Amino acid sequence: MLSTFKIRNFRSILDMDVDFSFAEGKAPNNYQEFETHTFLEPRKNHRVVPCLALYGANASGKTNILKALATLQSIFTSDVDSEYEPNLINRKYESTLFELSFFTNNKDYVYSLEYDNKEILKESLKSGNTTYFTISKNSCAFSEISKGSYTKERLKEILNVECKNESHQQKRSFLHRIHSQYAGLNTDMTLAAHFIESGIQIYFGSPPFPTGVEKLGKALGNTDSPMNDDSFNRVTQLLQKLDIDICKMTFDQESHQGFEEMKESIKESIKNRKFPSFIKREGKDSFIAHTIHTWHIDTEGKEIPFNFREESDGTQSVSGLLGVFLATLELGGTVIVDELDRSLHPYLLIQLVRLFKDKRYNKKNAQLIFTTHCTDLLDDDILRISEVGIINKTLNTGSTIKRISDFDGMRNVLNFRKQYLSGMLSGIPHPYI
């Protein structure tokens, strides 16, 4: 789970520290008996929030926080080319810095990456008082991981040959290279790299329904056939609990070799008023067509099938999210969604957030971060003052963030919605026509 995320010189963000810690000082009395999580505690005396909702006016920079995390992941798993997006309004800095503090396997890490439009300028990984490595343009240190045949010279050779180009510019992450090609070198580095690469899931739109079901299937250990009855039923059963007018769901899937075979099959299906709900490419010439049916009760009490694509945008959206959320709750980790309230009724949104707050569901320290404009959440008792961030933007400071816990006199008994809409917490537009 995330502890802090420092962003410097990225899009509308000039200098920002996003804090995920529990910031209320003393924990409430008898919080252990609450049905919902007051905070998560991956290590003793290290308390972080299970949810962080980001509010702010349009174009305030909410999504840029999420894009910063996505860019860090992209550079980490690929390379730095075409990823430089500095603040163009305030040119105070000549490079972009990301510093991510997080917990995984009950251990805290800090991964730092600084880059410009040409190369990675600095990279480091730390945990507590241990520095696994530090790399900058003119120096590098590997004291904690240099052992056996992996001498400092050998590690420097890996950096120069596998992470740098002919002009000696570092284009790829050293940590990811060690993780992917030399996983046995250092267990802590492998765990940290795995979390950055796979422990953070970011969505800028609702994932397709099969994606969520397959992620849940893999989380449950069904790697051979992740789109299976077990994961499918778990999602559909929870979907029915959300009071969506579906009595049951069924699915079929067909494999096709080659695009032409798939196209002909779809033509035939359309003639019979049947068509795939989703098509997924499995390999160069292999496709899987998923046909998902939702069943509704007609006026005579009979079950009538509909293609999933005929359902509302909200039903399709929540269906895809449920699989991803249940997979994250099953494994732990962090899931991040831009505009979580898109096409969703406020009551559905509250229940989706409640999954990460409810101790019955969140047993693995899973974390949800999302942007939203839905103020109904602030009127509910589900989020605490540490779990709501307000984004503002000015010409000189760029996008900034303050949590409700940063404002004087704010307590969990107050109506956040009224305070927010009145302008007391800022982060609202002031339109006029």
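Note that this is a predicted model, so its numbers are computed, not measured.
- Of the possible polar contacts, none joining the Asp380 side chain to the Leu377 backbone as a donor-acceptor pair under 3.5 Å is found.
- Under the 3.5 Å distance criterion, with hydrogens and angles disregarded, no donor-acceptor pair is assigned to the side chains of His46 and Glu41.
- When all heavy atoms of Ile401 and Asp17 are compared, the closest pair comes out as CG2-O, 3.7 Å.
- Sorted by first then second residue, the salt bridge (charged side-chain N to carboxylate O under 4.0 Å, His left out) pairs that include residues 86-112, not counting sequence neighbours, are Arg43-Asp108, Lys107-Asp188.
- For residues 123-151, the pairs satisfying salt bridge (charged side-chain N to carboxylate O under 4.0 Å, His left out) are Glu119-Lys137, with sequence neighbours left out.
- Residues Tyr150 and Phe142 place their aromatic rings such that the two centres sit no closer than 6.0 Å.
- Ser60 is linked by a side chain to side chain contact (heavy atoms under 4.5 Å, CB included) to Lys62, Ile391, counting only residues two or more places apart in sequence or in another chain.
- Of the possible polar contacts, none joining the Asp358 side chain to the Arg354 backbone as a donor-acceptor pair under 3.5 Å is found.
- Under 3.5 Å, the side chains of Ser12 and Asn64 contain a donor-acceptor pair of N or O atoms.
- Here the two rings, on Phe76 and Phe174, have centers that are 6.0 Å apart or farther.
- More than 12 heavy atoms of other shown residues, nucleotides or ligands fall within 6.0 angstrom of atom NZ in Lys164.
- Every residue two or more places apart in sequence or in another chain that forms a side-chain hydrogen bond (donor to acceptor under 3.5 Å, both in side chains) with Tyr93 is listed here: Asp15.
- Screening residues 24-40 for salt bridge (charged side-chain N to carboxylate O under 4.0 Å, His left out), with sequence neighbours left out, gives Glu24-Arg384.
- Aromatic ring centres of Phe103 and Phe195 lie farther apart than the 6.0 Å criterion allows.
- The side-chain hydrogen bond (donor to acceptor under 3.5 Å, both in side chains) search around Asp79 returns none, not counting sequence neighbours.
- With hydrogens and angles left out, the side-chain atoms of Asp252 and Thr291 include no donor and acceptor closer than 3.5 Å.
- Between Phe356 and Tyr361, the ring center distance fails the sub-6.0 Å criterion.
- In this model, a donor atom of one side chain and an acceptor atom of the other lie less than 3.5 Å apart for Ser317 and Ser206.
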